[in-house]
Chemist: 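One structure, as structure tokens, below. Some questions next.
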Amino acid sequence: MKATLDHVGIAVADLREALAFYRDALGLEIEAPEEVASQRVRAHFVPAGGAALELLEATAEDSPIARYVGKRGPGLHHITLRVDDLAAVLARLKAHGVRLIDDTPRPGAHGSVVAFIHPSSAHGVLVELTQQSEALEGIDGRSQGND
Ligand code: ZN
């Protein structure tokens, strides 16, 4: 299997403080935010070479990001690997007894589909797998916004 580092997710407690660091102090460009309703989160992508940082801001108190920040404080939340065929990768992981958070792909940011691997099976790292919308269109003709 081939995988490309897509982005690194960073859970943020206070977006203004995060922007004061990443945008104002570091001088990075922040893309327009994108709401991921299924995860009750607002994602602010920060392009960094071929990959990106994803500043994650909770939009509800029961958001997984709000729970994470409440427990551990802000910080590194997940890494995301881009794959060509997410369903095939999930089948392979299941065959290897890997503990998955998502058994099947679900809608993610930018019209992608995503699935998470449980950190207990990934050496303490929450790993998100993503398949981009272009790859989806290539495989089965689906278009963006399939939630
Ligand atoms: Zn992410």
Side-chain angles (χ1 to χ4, degrees), residues 1-23 26-94 98-139 142-147:
M1 177 192 90
K2 272 191 201 159
T4 306
L5 179 63
D6 187 84
H7 66 267
V8 175
I10 298 167
V12 156
D14 182 323
L15 183 71
R16 276 185 316 169
E17 284 181 13
L19 292 179
F21 172 69
Y22 288 100
R23 183 190 59 198
L26 263 181
L28 300 175
E29 276 180 38
I30 317 283
E31 290 181 355
E34 177 164 353
E35 205 95 16
V36 185
S38 62
Q39 294 173 67
R40 296 175 301 289
V41 80
R42 196 173 294 123
H44 306 256
F45 281 93
V46 186
L53 307 179
E54 178 189 35
L55 305 179
L56 293 162
E57 179 193 16
T59 56
E61 276 178 28
D62 65 342
S63 159
I65 293 301
R67 286 201 302 269
Y68 182 92
V69 169
K71 241 193 259 178
R72 301 184 182 82
L76 205 55
H77 182 261
H78 65 272
I79 66 163
T80 300
L81 300 174
R82 200 185 314 141
V83 299
D84 289 333
D85 186 347
L86 180 52
V89 174
L90 291 177
R92 180 195 170 101
L93 290 167
K94 278 182 221 172
V98 169
R99 186 172 167 199
L100 301 174
I101 293 173
D102 300 296
D103 280 330
T104 53
R106 60 179 161 95
H110 294 161
S112 63
V113 289
V114 303
F116 283 89
I117 301 170
H118 198 278
S120 65
S121 277
H123 306 268
V125 178
L126 177 59
V127 178
E128 177 184 29
L129 300 169
T130 182
Q131 182 179 342
Q132 301 304 114
S133 53
E134 308 86 70
L136 287 170
E137 281 158 19
I139 284 171
R142 266 189 286 179
S143 60
Q144 293 196 2
N146 54 343
D147 58 347

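Remember, it's 1-based here, ligands and their atoms both numbered in the order they're listed.
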Chemist: Keeping E57 on the side-chain end and L15 on the backbone end, is there a donor-acceptor pair under 3.5 Å?
Modeler: no
Chemist: Is there side-chain contact between I101 and L126, with heavy atoms separated by less than 4.5 Å?
Modeler: yes
Chemist: Closer than 2.8 Å to the Zn ion (ligand 1): how many protein N, O or S atoms are there?
Modeler: 4
Chemist: CZ of R92: more than 12 outside heavy atoms within 6.0 angstrom?
Modeler: no
Chemist: Using modelled atom types only, decide if a donor and an acceptor are shared between the side chain of T59 and the backbone of R40 within a distance under 3.5 Å.
Modeler: yes
Chemist: For the pair K2 (side chain) and D84 (backbone), establish whether a donor and an acceptor sit closer than 3.5 Å, ignoring hydrogens and angles.
Modeler: no
Chemist: How would you list all residue pairs meeting ring-ring contact (aromatic ring centres under 6.0 Å, His included) that involve residues 69-91, not counting sequence neighbours?
Modeler: H7-H78, Y68-H77, H78-F116
